[in-house]
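Read through the structure below, which is laid out as structure tokens, and then see the notes.
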Amino acid sequence: MAIRPYVLLSAAVSLDGRLDDTSRDRLVLSNRRDLDRVDQERAAADAILVGATTLRRDNPRLLVASAGRRARRIALGKPEHPLKVTVTGSAELDASYAFWHCGGEKLVFTVDSALARARRTLGAFADVVSTGPALHWPRLLDELGRRGVERLLVEGGGTVHTQLLAQDLADELHLVVAPLLVGEAAAPAFLGPAPYPGGPTARMKLLEARPVDDVVLLRYAPKLRS
């Protein structure tokens, strides 16, 4: 039986808990040093996952930026870039997104009702797999484990983070807090309402708190609660 990957959630938020504002341009919350730290986490991962909303909103490439880190991956017998993974319940994803046209292998997880559409639209760019009638995170992680993914970096968005934390499937959380206040009710939040394990009194174990110039990195172990 394949071992599920170690699941690391990574997010940057404003002081009022927002991932972005409501403008057309992406709000950059991290600073240069922290973005380099994230690049290091990407280089250490076997796969990077984002939700479909993040693809539609940000059009990310999700590549390892550092040439030195890419070279070290190749020297270790790994692909230059980690496997790129997305999840979609509707398959409403444009084939023109940068995600599909750079880096190495791509993988799309969807549901039975959207499988045919996803394969028609994205089958030329990615392997497309259904997790069943609904998105089933344990099956998704099992499939990644069967494909040799040992470390999964999850970069959003809020719905994905919420689901993984609510189902107690995240092994580690890297939360970067930026000294900004978005102040917009419609701005995307880091987490939404959910029946989180242990309820509101369960305290996650803090692994590290570290300033990175003007932001603060908080590392938590979500499965270790008191």
Side-chain angles (χ1 to χ4, degrees), residues 1-13 17 19 29-30 34-54 60 62 64 69 72-73 76 78-79 81-87 105-109 129 131 134-177 189-210 212 215-226:
M1 183 174 179
I3 298 175
R4 290 178 183 172
Y6 185 89
V7 178
L8 168 60
L9 309 187
S10 176
V13 298
L19 295 167
L29 293 162
S30 295
D34 186 61
L35 290 172
D36 184 67
R37 179 195 62 81
V38 173
D39 191 63
Q40 186 172 3
E41 292 294 345
R42 287 183 178 182
D46 298 302
I48 305 171
L49 183 148
V50 295
T53 299
T54 299
L62 298 181
V64 177
R69 290 173 184 140
R72 283 191 289 276
R73 285 179 58 87
L76 291 171
K78 297 182 178 182
H81 299 282
L83 170 71
K84 295 196 291 189
V85 185
T86 191
V87 294
E105 294 185 2
K106 293 92 181 174
L107 177 60
V108 176
F109 285 101
V129 176
T131 65
L135 182 63
H136 193 285
W137 283 103
R139 288 180 195 148
L140 184 155
L141 295 176
D142 287 342
E143 178 63 22
L144 289 176
R146 282 192 290 271
R147 291 171 181 251
V149 174
E150 296 180 0
R151 187 176 180 87
L152 174 66
L153 177 62
V154 180
E155 295 197 22
T159 299
V160 170
H161 289 318
T162 297
Q163 291 175 353
L164 288 169
L165 285 169
Q167 295 181 43
D168 206 22
L169 294 172
D171 297 290
E172 190 171 339
L173 167 63
H174 289 188
L175 186 66
V176 167
V177 181
F190 166 50
L191 295 176
Y196 295 108
T201 62
R203 304 175 76 91
M204 293 185 215
K205 181 177 178 60
L206 177 66
L207 302 175
E208 181 185 12
R210 170 164 49 100
V212 184
V215 304
V216 177
L217 168 65
L218 302 173
R219 293 178 54 234
Y220 288 99
K223 293 180 179 179
L224 301 179
R225 294 181 176 89
S226 59

Please enumerate all residues that pass salt bridge (Lys or Arg N to Asp or Glu O under 4.0 Å) together with [X], with sequence neighbours excluded.
X	answer
R147	D127, E143
E150	none
R72	none
R69	D36, D39

Say you draw a straight line from [atom1] of [X] to [atom2] of [Y]; how long is it, rounded to the nearest 0.5 Å?
X	Y	atom1	atom2	result
R42	R37	CZ	CZ	11.0 Å
L173	L164	CG	CG	11.0 Å
L175	L9	CG	CG	10.0 Å
L83	L49	CG	CG	9.0 Å
W137	L144	CH2	CG	9.0 Å
M204	R225	CE	CZ	5.5 Å

Query raised in the report: With respect to L141, which candidate in V149, L152, I3, T131 satisfies the side-chain contact (heavy atoms from CB on, under 4.5 Å) definition?
Result: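 The residue from V149, L152, I3, T131 that satisfies side-chain contact (heavy atoms from CB on, under 4.5 Å) with L141 turns out to be L152.
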So does [Y] get a backbone contact from the side chain of [X], meaning a donor-acceptor N/O pair under 3.5 Å?
X	Y	value
R73	A43	yes
R151	Y6	no
D171	V7	yes
T86	V108	no

Requested in this report: Give the intermediate values and the outcome of side-chain contact (heavy atoms from CB on, under 4.5 Å) for residues L153 and S10.
Outcome: CA-CA 7 Å; L153 177 62; S10 176; 3.8 Å; yes
Report task. May I ask you to test the V212-V176 pair for a side-chain heavy-atom distance under 4.5 Å? Result ->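 No, too far: nothing below the 4.5 Å cut-off.
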Requested in this report: For side-chain contact (heavy atoms from CB on, under 4.5 Å), just list the numbers for L29 and D34, CA-CA rounded to whole Å, side-chain angles, deciding distance to a tenth of an Å, and then say yes or no.
Outcome: CA-CA 10 Å; L29 293 162; D34 186 61; over 6 Å; no
How far apart are the closest heavy atoms of [X] and [Y], and which atoms are they?
X	Y	answer
L165	P197	O-CD, 3.3 Å
V160	G51	CG2-CA, 3.8 Å
G192	T162	N-OG1, 2.9 Å
P5	G145	CD-N, 4.0 Å
L19	A11	CD2-CB, 4.1 Å
L218	A209	CD2-CB, 3.8 Å

Report task. Evaluate the side-chain contact (heavy atoms from CB on, under 4.5 Å) criterion for residues E155 and T54: first the C-alpha distance (whole Å), next the side-chain angles of each, then the deciding distance (0.1 Å), finally the verdict. Result -> CA-CA 9 Å; E155 295 197 22; T54 299; over 6 Å; no
Report task. Report the C-alpha distance between R4 and D142 in whole Å, list the side-chain angles of each, state the deciding distance to 0.1 Å, and finish with yes or no for side-chain contact (heavy atoms from CB on, under 4.5 Å). Result -> CA-CA 5 Å; R4 290 178 183 172; D142 287 342; 2.7 Å; yes
Query raised in the report: Any chance NZ of K78 has more than 12 other-residue heavy atoms, nucleotides or ligands included, within less than 6.0 Å?
Result: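 Buried by this count: over 12 neighbours within 6.0 Å.
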Query - E105, CD: over 12 other non-hydrogen atoms inside 6.0 angstrom - result: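 It does not: E105 CD has 12 such atoms or fewer within range.
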Requested in this report: Could you name each residue pair satisfying ring pair (Phe, Tyr, Trp, His ring centres under 6.0 Å) that touches residues 146-169, not counting sequence neighbours?
Outcome: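 Counting only pairs at least two positions apart or across chains, the ring pair (Phe, Tyr, Trp, His ring centres under 6.0 Å) contacts touching residues 146-169 are H161-F190.
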Query raised in the report: Among pairs that include at least one residue of residues 44-54, which meet salt bridge (Lys or Arg N to Asp or Glu O under 4.0 Å), considering only residues two or more places apart or in two chains?
Result: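 Of all non-adjacent pairs touching residues 44-54, none passes salt bridge (Lys or Arg N to Asp or Glu O under 4.0 Å).
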